[in-house]
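Within every chain, numbering begins at 1; the chains are lettered A, B, ... in the order of the sequence lines, protein sequences first and strands thereafter. Side chains are part of it too, since the values below use all heavy atoms of this structure and drop only hydrogens, waters and symmetry mates. Just so it is clear, the structure is predicted and the values come from calculations on it, not from any experiment.
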Amino acid sequence: TQLLEQSPQFLSIQEGENLTVYCNSSSVFSSLQWYRQEPGEGPVLLVTVVTGGEVKKLKRLTFQFGDARKDSSLHITAAQPGDTGLYLCAGGLYYGNNRLAFGKGNQVVVIP
Amino acid sequence: NAGVTQTPKFQVLKTGQSMTLQCAQDMNHEYMSWYRQDPGMGLRLIHYSVGAGITDQGEVPNGYNVSRSTTEDFPLRLLSAAPSQTSVYFCASSYSGGQGSTNEKLFFGSGTQLSVL
């Protein structure tokens, strides 16, 4: 059972367009992290949000943690080809021996 | 600034062979872990360690062994490789080994692509 569902699984857009991807769950998380992974490389952390309703901005990327701490969104403004990659969300767990639950990812392709 | 180093980058094994995937970090991190990444499955935790001499099972531990004799190294052993272990393997580390550190940044290696024939 996947704790975190990411949608859409695949998104292709033109350079300059805006996009939003989502990370949803029925579980409550202590934190929510977003990573970006490029082909042949490991994921790299973009941001961590820890407070319900929190919004963080990283240049053209805006991350929001849901009020109930069950979901998150990533919005990219004026997408660039360098934004192409697999975006993974990871929720911090309160219990068990797994520290983070990862979603399957949002594959984003920005066409020049 | 090496970070997390994984070797080898690519490996092909025959069913039944054994091998060790190496992982080393130079950041003095207490927490180290191994994930596998499969298409349509996302990242799944295999084993993890909160410090030297301490290891524990993750979500998918069967067929894999680990040990942590030093802070820097966390090798993953496949005792008898099976085709189901074909995957991309990532080692990751973070500063703290405490259970309250779920919001800490994970540093990932660049992965090992393993094929078992």
Original post:
Applying salt bridge (Lys or Arg N to Asp or Glu O under 4.0 Å), which residue pairs with at least one partner in residues 39-55 of chain B are found, sequence neighbours left out?
Top reply: B:Asp38-B:Arg44

**OP:** Tell me, for B:Gln113 versus chain A, whether the close heavy atoms (under 4.5 Å) come from the side chain, the backbone, both or neither.
**Re:** neither

**OP:** Apply the side-chain contact (heavy atoms from CB on, under 4.5 Å) test between A:Leu74 and each candidate in A:Leu58, A:Val21, A:Val108, A:Leu19; give the one that qualifies.
**Re:** A:Val21

Original post:
What part of A:Leu32 lies closer than 4.5 angstrom to a heavy atom of chain B: side chain, backbone, both or neither?
Top reply: neither

**OP:** Return yes if a side-chain donor-acceptor contact under 3.5 Å exists between A:Gln37 and A:Tyr35, otherwise no.
**Re:** no

**OP:** Give a yes or no on whether the ring-centroid distance for B:His29 and B:Phe107 is below 6.0 angstrom.
**Re:** yes

Original post:
By a 4.5 Å heavy-atom criterion (distance strictly below it), what part of A:Leu88 contacts chain B: side chain, backbone, both, or neither?
Top reply: side chain

